[in-house]
Amino acid sequence: MIDLFDKPTTEVAKALLGSYLIHESCEGTTIGKIVETEAYLADDPASHSFVGKTPRNAMMFGSAGKAYIYLNYGMHNCFNVVTAKEGIGEAVLIRALEPIKGIKLMQKRRKTEKVTDLCSGPGKLSKAMGITLKNNGADLINSNLRIILSDNSNHKIVKTTRVGITKGSKRLLRFYIKDNSFISKK
DNA sequence: GGAACGATTGAT
DNA sequence: TCAATCGTTCCT
């Protein structure tokens with residue numbers, strides 16, 4: 001469980017599929033099953049960490065098992081799991097969740113009823129889960145924002161190219177659960 | 001101090 | 001297809 005994050009980043013990205021993301025906020029508790037991830041590596045031009053350590057990406061260079069959250073396109077928070085040893089800037093972007101608990105709260109936050117649309121993208125799931133920049137650096141093992149590893153790995157993993165990037169777009173670093181209807185794109 | 005850009009989303 | 005929207009980064 002604890003050593004979930006003590007593996008190569010691409011392995012963590014796959015291992016996170018099927019695990020649960022839990023956020024206990026003052027509004028209530030929301031839980032989602034992770035169904036889609038992307039790996040961002042140290043030698044990867046698409047990664048924020050590629051240019052070296054800056055104030056924004058500093059968390060990526062911290063110890064594994066923490067949250068790295070950033071504001072994207074001026075309006076969307078994106079949630080990442082920090083991986084690799086301290087000093088190495090790598091992380092796994094969580095791209096989609098299957099809503100499990102607190103669906104009413106998610107619908108309120110997202111202003112939509114459709115359950116398949118609540119968490120089907122990095123910006124959407126952060127909104128639905130109530131994740132903001134305030135959660136940056138949260139300890140994902142033991143805090144109000146945490147991940148519970150699931151033993152259930154009865155799923156096939158699809159490996160493909162990442163979404164929305166211009167550099168490093170040929171690498172196969174996106175992973176999702178085959179035939180799951182909650183992923184960000186079909 | 002200024003400007004271009006981006007790991008997206010939702011409306012047109 | 002395209003506008004919304006703003007912090008980060010890089011240039012002057």
Side-chain angles (χ1 to χ4, degrees), chain A residues 5 8-17 19 21 30 32 34-62 64 66-84 88-99 105-138 140 145 147 157-177 181-186:
Chain A
F5 304 113
T9 298
T10 52
E11 292 304 308
V12 177
K14 286 186 272 189
L16 283 173
L17 295 176
S19 296
L21 177 64
T30 45
I34 298 170
V35 299
E36 179 179 347
T37 62
E38 285 181 359
Y40 285 87
L41 310 180
D43 67 343
D44 174 5
S47 174
H48 287 171
S49 60
F50 187 69
V51 296
K53 195 171 175 177
T54 67
R56 175 176 68 160
N57 68 25
M59 201 54 64
M60 288 184 78
F61 291 83
K66 302 284 176 56
Y68 166 53
I69 297 153
Y70 68 95
L71 183 66
N72 190 33
Y73 290 104
M75 60 192 92
H76 303 295
N77 292 302
C78 291
F79 171 72
N80 295 252
V81 177
V82 176
T83 57
I88 299 177
E90 302 199 339
V92 174
L93 171 70
I94 307 302
R95 281 196 60 88
L97 303 173
E98 177 177 334
L105 179 53
M106 291 186 186
Q107 289 169 324
K108 181 183 155 201
R109 284 169 171 158
R110 289 272 296 112
K111 303 189 198 315
T112 181
E113 298 286 308
K114 206 174 173 201
V115 177
T116 50
D117 283 347
L118 289 177
C119 300
S120 57
K124 295 180 191 177
L125 73 89
S126 296
K127 184 90 174 177
M129 295 289 289
I131 295 171
T132 69
L133 290 175
K134 287 176 190 159
N135 297 297
N136 192 32
L140 297 173
L145 178 63
I147 286 171
I157 296 175
V158 178
K159 177 179 179 178
T160 181
T161 54
R162 291 173 294 180
V163 177
I165 54 172
T166 52
K167 291 165 281 190
S169 58
K170 280 174 293 208
R171 295 200 197 185
L172 302 177
L173 293 173
R174 175 174 175 236
F175 308 93
Y176 62 86
I177 295 178
S181 50
F182 295 90
I183 63 172
S184 65
K185 296 195 171 172
K186 85 166 186 348

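Reminder, nothing fancy here: chain letters follow the sequence lines and each chain counts from 1.
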Do the side-chain N or O atoms of A:R95 get closer than 4.0 angstrom to the phosphate oxygens (OP1, OP2) of B:dT8?
yes

Could you work out which one of B:dG10, C:dG7, B:dA7 sits closest to the side chain of A:K124?
B:dG10

Do we see a donor-acceptor contact under 3.5 Å between the side chains of A:R95 and A:S184?
yes

Can any side-chain N or O of A:R174 pair as donor or acceptor with the backbone N or O of A:R162 at less than 3.5 Å?
no

Of all the heavy-atom pairs spanning A:F79 and A:A67, show the shortest one and how long it is.
CE1-CB, 3.7 Å

When you match A:I165 and A:D117 each to their closest nucleotide on DNA chain B, which lands nearer the 5' end?
A:I165

Taking every non-hydrogen atom, the tightest pair across A:H48 and A:N57:
O-ND2, 2.9 Å

Treat a base pair as Watson-Crick or G-U wobble with both distances under 3.5 Å, then lay out DNA chain C in dot-bracket form, 5' to 3', with | for cross-strand pairs.
||||.||||||.

Distance in angstrom units between A:K111 NZ and B:dT9 C1', rounded:
15 Å

Closest non-hydrogen contact found for A:R110 with A:D117 is NH2-O, 2.9 Å

Which nucleotide in the set C:dT8, B:dT8, B:dA7 lies at the smallest distance from any side-chain heavy atom of A:R56?
C:dT8

Whole-Å gap separating P (C:dC10) and CZ (A:F50)
12 Å

Quickly work out the A:K167 NZ to C:dT9 P distance and round it to whole Å.
12 Å

Interatomic distance, A:Y40 OH vs B:dG6 C1' [rounded to whole Å]:
11 Å

A:N57 has an atom CG; how far is it from atom C1' of B:dA7, in whole Å?
13 Å

To the nearest angstrom, the CD1-P distance between A:I69 and B:dG6 comes to 22 Å

Name the nucleic acid region contacted by A:L93, choosing base, sugar-phosphate or nothing; use a 4.0 angstrom heavy-atom cut-off, strictly under.
base

B:dG10, OP1 or OP2 - any side-chain N/O from A:R110 closer than 4.0 Å?
yes

Whole-Å distance separating the CD1 atom of A:I94 from the P atom of B:dT8
14 Å

Measure distances between side-chain N and O atoms of A:Y70 and base N and O atoms of B:dA7, and say whether any donor-acceptor pair falls under 3.5 Å.
yes

Among the candidates C:dC6, B:dG10, B:dG6, find the nucleotide nearest to the side-chain atoms of A:L71.
C:dC6

Measure from the side-chain heavy atoms of A:M75 and tell me the nearest of B:dG10, B:dA7, C:dA4.
C:dA4

Between A:M129 and A:L21, what is the shortest heavy-atom contact and its length?
CE-O, 3.4 Å

Checking C:dT9, B:dG10, B:dA7 against the side chain of A:N80 (C-beta onward), the nearest is B:dA7

Listing, residues 131-138 of chain A side-chain donor-acceptor contacts under 3.5 Å, not counting sequence neighbours, or none:
unit_1	atom_1	unit_2	atom_2	d
A:T132	OG1	A:K134	N	3.2
A:N135	ND2	A:T132	O	3.4
A:N136	OD1	A:I69	N	2.9

A:H76 NE2 to B:dC5 C1': how many Å, rounded?
15 Å

Distance below 4.0 Å between A:H48 side-chain N/O and C:dT8 OP1 or OP2
no

Quick one about A:T83 and A:E90 (side-chain donor to acceptor, distance below 3.5 Å, no hydrogens or angles considered), yes or no?
no

Choose from B:dT9, C:dG7, C:dT9 the nucleotide whose nearest atom is closest to any side-chain atom of A:T54.
C:dT9

